[in-house]
Amino acid sequence: MFNLICFYRFTINLMCGPYDGSDIALHCDVRLRVGGDFNVVLRNSCQGGGWGAEERHSPYFPFMPNANFDMIIMAEQHQFKVLISIVSL
């Protein structure tokens with residue numbers, strides 16, 4: 001469980017190795033307010049030092065400041081599925 005308190009951005013990288021420069025199978029960058037980005041979830045991957053095409057489309061933005069949430073990342077054969085649920089305490 002995570003809690004966003006006064007954060008404007010957080011990033012999760014699922015790396016394919018323990019070293020700097022290792023491929024990144026999933027790069028998930030959540031931006032509540034960064035530069036010109038407002039409520040954006042950016043998804044990407046990096047292979048052999050090159051970044052793939054960014055994915056930004058999402059039907060809704062599930063994050064809110066000062067709100068707890070659970071994140072489940074499911075690794076499938078050719079894709080990841082990311083599930084977010086808001087948790088009420």
Side-chain angles (χ1 to χ4, degrees):
M1 181 168 49
F2 298 93
N3 188 344
L4 297 178
I5 300 175
C6 299
F7 289 100
Y8 299 105
R9 172 188 205 166
F10 69 91
T11 302
I12 296 171
N13 286 320
L14 298 183
M15 298 181 66
C16 298
Y19 309 106
D20 288 342
S22 294
D23 287 351
I24 300 172
L26 175 65
H27 170 76
C28 185
D29 188 26
V30 177
R31 302 173 182 179
L32 281 80
R33 186 174 52 217
V34 176
D37 287 335
F38 181 74
N39 291 352
V40 171
V41 179
L42 182 141
R43 297 162 316 275
N44 206 339
S45 64
C46 183
Q47 295 180 327
W51 286 97
E54 288 185 354
E55 296 179 4
R56 292 175 171 246
H57 174 73
S58 182
Y60 67 96
F61 187 77
F63 303 99
M64 298 177 355
N66 301 316
N68 295 326
F69 66 92
D70 289 324
M71 177 182 279
I72 299 171
I73 300 173
M74 296 185 299
E76 297 185 346
Q77 186 171 359
H78 298 289
Q79 66 184 2
F80 289 99
K81 288 187 178 177
V82 180
L83 306 172
I84 307 296
S85 66
I86 302 300
V87 180
S88 299
L89 296 179

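Predicted model, so just to flag it, every value in this text is computed and none were measured.
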CG of Leu83 to CE of Met71, rounded to nearest 0.5 Å, is 9.5 Å

Check the angle between the aromatic planes of Phe69 and Phe10 and answer parallel, tilted or perpendicular using the 30° and 60° thresholds. parallel

Rounding to 0.5 Å, atoms OG (Ser85) and CG (Asp70) come to a distance of 4.0 Å

CE of Met64 to CG of Leu32, rounded to nearest 0.5 Å, is 10.0 Å

Between Arg31 and the options Asp37, Val41, Asn39, the side chain to side chain contact (heavy atoms under 4.5 Å, CB included) test singles out Asp37

To the nearest 0.5 Å, atom CD1 of Ile84 lies from atom SG of Cys28 at 7.0 Å

With sequence neighbours left out, the residues meeting ring pair (Phe, Tyr, Trp, His ring centres under 6.0 Å) with Phe61 are Phe63

Of all heavy-atom pairs linking Pro18 and Ser22, the shortest is N-OG, 4.0 Å

Sorted by chain and number, sequence neighbours left out, side chain to side chain contact (heavy atoms under 4.5 Å, CB included) with Phe80 holds for Leu14, Ala25, Leu26, Ile73, Ala75

Separation between CG (Asn13) and CG (Asp29), nearest 0.5 Å, reads 8.5 Å

Q) Side chain of Asp23, backbone of Gly48: donor and acceptor closer than 3.5 Å? A) yes

With sequence neighbours left out, the residues meeting side chain to side chain contact (heavy atoms under 4.5 Å, CB included) with Glu54 are Leu42, Asn44, Arg56

Distance col, row Gln79:CD vs Met74:CE, nearest 0.5 angstrom, shows 9.0 Å

